[in-house]
Enquirer: 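Structure below; questions to follow.
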Amino acid sequence: MICGSEKNSYFKSQNLKILGQGKLNGIVEISGAKNSALVLMAASLLTNERITLENVPRLTDIEKMGHILKYLGVNLVDKNNKLEIDSKNVSITEELPYELVNGLRASFFCIGALLSKFGKAKVPLPGGCNIGSRPIDEHINGLKALGAEIIIKKGIVVAKIKEKKNKLHGTHIKLKCPSVGATETLIMAASLAEGRTTIENAAREPEIQDLCQMLNKMGARIYDSGKEKIIIDGVNKLVGCAHKVIPDRIEAGTFLIAAAATGSSITISPVIPNHLEAVTNKLQESGSKITIKGNSITIKGKEIRGVNIDTAPFPGFPTDLQAPFTALMTIANGESKITETIFENRMNHIHLLNKMGASIKLNKNVAHIKGVKTIKGMDLVGSDLRSSAALIIAGIIAKGNSKIYGLEHLDRGYENFESKLKMLGIKITREFNKRSFTEKEYKITSDPEDIPKRRAA
Ligand code: UD1
């Protein structure tokens, strides 16, 4: 019997078979950051000149963003982890088709670049059928403050610069919450606006700093990215450049957590250690030994002590690593409390970990975990990107075999995950099944990374 949830897709017929109680050993190469690469691809729309992006991870999300850019008229050449993006023939005639943007929240982040460069944009609301509750208010209100007229008609966001003006104009924007996507949308929009824009209560995530670094190479004038107040002096034109995507701190953190959970010793590289400070601090607090040398981090997993975690915007503990860290805490000595503060429905992994023998009580967004000695292998379906990663870590820890389904989520965000784990010594194989599963076996849920709900109270 398979437990969990999944969407209809051909990935239904694939799973990862994991032999439990594995140990990791060796060095693992960390890929480029998915969330950086996605927004940098959107930013490439701001210039008519070529953008060369290096260290782009090969992921289904990146592929989807590539399809969107091509639909807009971008000439995109994909050379293994390197993208050459030429946007000189882009034109905005009709809206992006819903099938293209569906399931890729980052597709909506194109709106700022399109509006600012072409004076208009038509982008469907991101995500599945749960349209009514999807918050994009911070993006919309900010763009309106910059001088856009926006209406939402039949699920399409139609934006244009107010009549008689051909440019957005700089202004002061104060975000209600430090939304990563809204900060990115508004930075891109303000880059080609007239005058100075300040964004207060801006998100400070490393991916935003990466975006600003690339935009500045393109000729933008952005100051203080990574701080709570970002200043953008609009310029008339942006030019081409080459840019290397920063390492993926979430992938890096996932490997560190897997090593901690199995008492293993591994080195991850390349990474930017201060992007992972909240994570390495918690891993140390829970008993692992961490050594940082240049752009690599070595972890020696030892005893595992229960620790408490509250997810928070950067530099706090990332929500994207909450599920993997919960898997680690299932076998900790003592109790731990994990509080999800960013997303409302990001606890889908809890009941699955309990099925494996974990002892977790969930009260809204707070998981109270009593560490157990062992958990047991099972067949499970991951329901979103990070919970799939958590289940794989649980499968590695567990006694016996596990089969983890729902790989369409995993393949969105982890490049060559199973081959990297295999190289580190884990017995893991992708299986292709002959039969697909009934709807009863798969319950459909949404992916919090795709369909974020309002910040929990
Ligand atoms: C990005 C990341 C995602 C990560 C999240 C938080 C990408 C492609 N995805 O998502 O992996 O988990 O940051 O670090 O970069 N909100 C509003 N109004 C808005 C926008 C957001 O209320 O207009 C709320 C959301 O409901 C959520 C919170 O703000 O509660 C944070 O969301 P946000 O930072 O915008 O996440 P994303 O940019 O979508």
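First listed ligand is number 1; within each ligand, the first listed atom is number 1.
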Enquirer: Exactly one of N365, D320, D384 should register a side-chain hydrogen bond (donor to acceptor under 3.5 Å, both in side chains) with R346. Which one does?
Expert: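 Among N365, D320, D384, the one that satisfies the side-chain hydrogen bond (donor to acceptor under 3.5 Å, both in side chains) with R346 is D320.
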Enquirer: Taking atom NZ of K244 as the centre, does the number of heavy atoms from other residues, nucleotides or ligands within less than 6.0 Å exceed 12?
Expert: no
Enquirer: A quick test of your reading: do over 12 heavy atoms of other residues, nucleotides or ligands sit less than 6.0 Å from CG of L362?
Expert: yes
Enquirer: By ring-ring contact (aromatic ring centres under 6.0 Å, His included), which residues pair with F314, not counting sequence neighbours?
Expert: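 Checked F314 against ring-ring contact (aromatic ring centres under 6.0 Å, His included); zero matches.
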Enquirer: Just jot down the ligand 1 atoms closer than 4.0 angstrom to any heavy atom of F343, in number order.
Expert: 5 (C), 12 (O), 27 (C)
Enquirer: So is E184 polar-close to ligand 1, meaning N/O to N/O under 3.5 Å?
Expert: no
Enquirer: Sort and list the pairs that fulfil side chain to side chain donor-acceptor pair (under 3.5 Å) and have at least one residue in residues 38-51, not counting sequence neighbours.
Expert: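 Sorted pair list: N48-K117.
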Enquirer: Closer than 4.0 Å to some heavy atom of H139 - which atoms of ligand 1 meet that?
Expert: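 Ligand 1 atoms under the 4.0 Å threshold to H139: 23 (O).
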Enquirer: I'd like to know if A182 contacts ligand 1, where contact means a heavy-atom distance under 4.0 Å to any ligand atom.
Expert: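 The answer is no: ligand 1 sits nowhere under 4.0 Å from a heavy atom of A182.
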Enquirer: Just going by heavy-atom distances, which of T319, V39, D61 is nearest to atom 6 (C) of ligand 1?
Expert: T319
Enquirer: Which ligand 1 atoms does D320 reach within 4.0 Å, using its non-hydrogen atoms?
Expert: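 By the 4.0 Å cutoff, the relevant atoms are 3 (C), 4 (C), 11 (O), 12 (O).
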Enquirer: Has K337 got more than 12 heavy atoms of other residues, nucleotides or ligands less than 6.0 Å from its NZ?
Expert: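 At most 12 heavy atoms, drawn from other residues, nucleotides or ligands, come within 6.0 Å of this atom.
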Enquirer: Counting only heavy atoms, tell me which of M65, E138, R105 gets closest to atom 23 (O) of ligand 1.
Expert: E138
Enquirer: Would the Y414 and F255 ring centres measure less than 6.0 Å apart?
Expert: no
Enquirer: Among A203, A106, G181, which one has a heavy atom closest to atom 37 (P) of ligand 1?
Expert: G181
Enquirer: What atoms of ligand 1 come closer than 4.0 angstrom to any heavy atom of I136?
Expert: 23 (O)
Enquirer: Could you tell me, atom by atom, which parts of ligand 1 come under 4.0 Å of a heavy atom of I342?
Expert: 27 (C), 30 (O), 31 (C)
Enquirer: Does ligand 1 have an atom that lies less than 4.0 angstrom from a heavy atom of R346?
Expert: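 Judged by the 4.0 Å heavy-atom criterion, R346 does count as contacting ligand 1.
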Enquirer: M41 and side chain to side chain contact (heavy atoms under 4.5 Å, CB included): which partner among I51, L69, V245, I68?
Expert: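 Option passing the side chain to side chain contact (heavy atoms under 4.5 Å, CB included) with M41: L69.
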Enquirer: For ligand 1, is F314 a contact, meaning one of its heavy atoms is under 4.0 Å away?
Expert: no
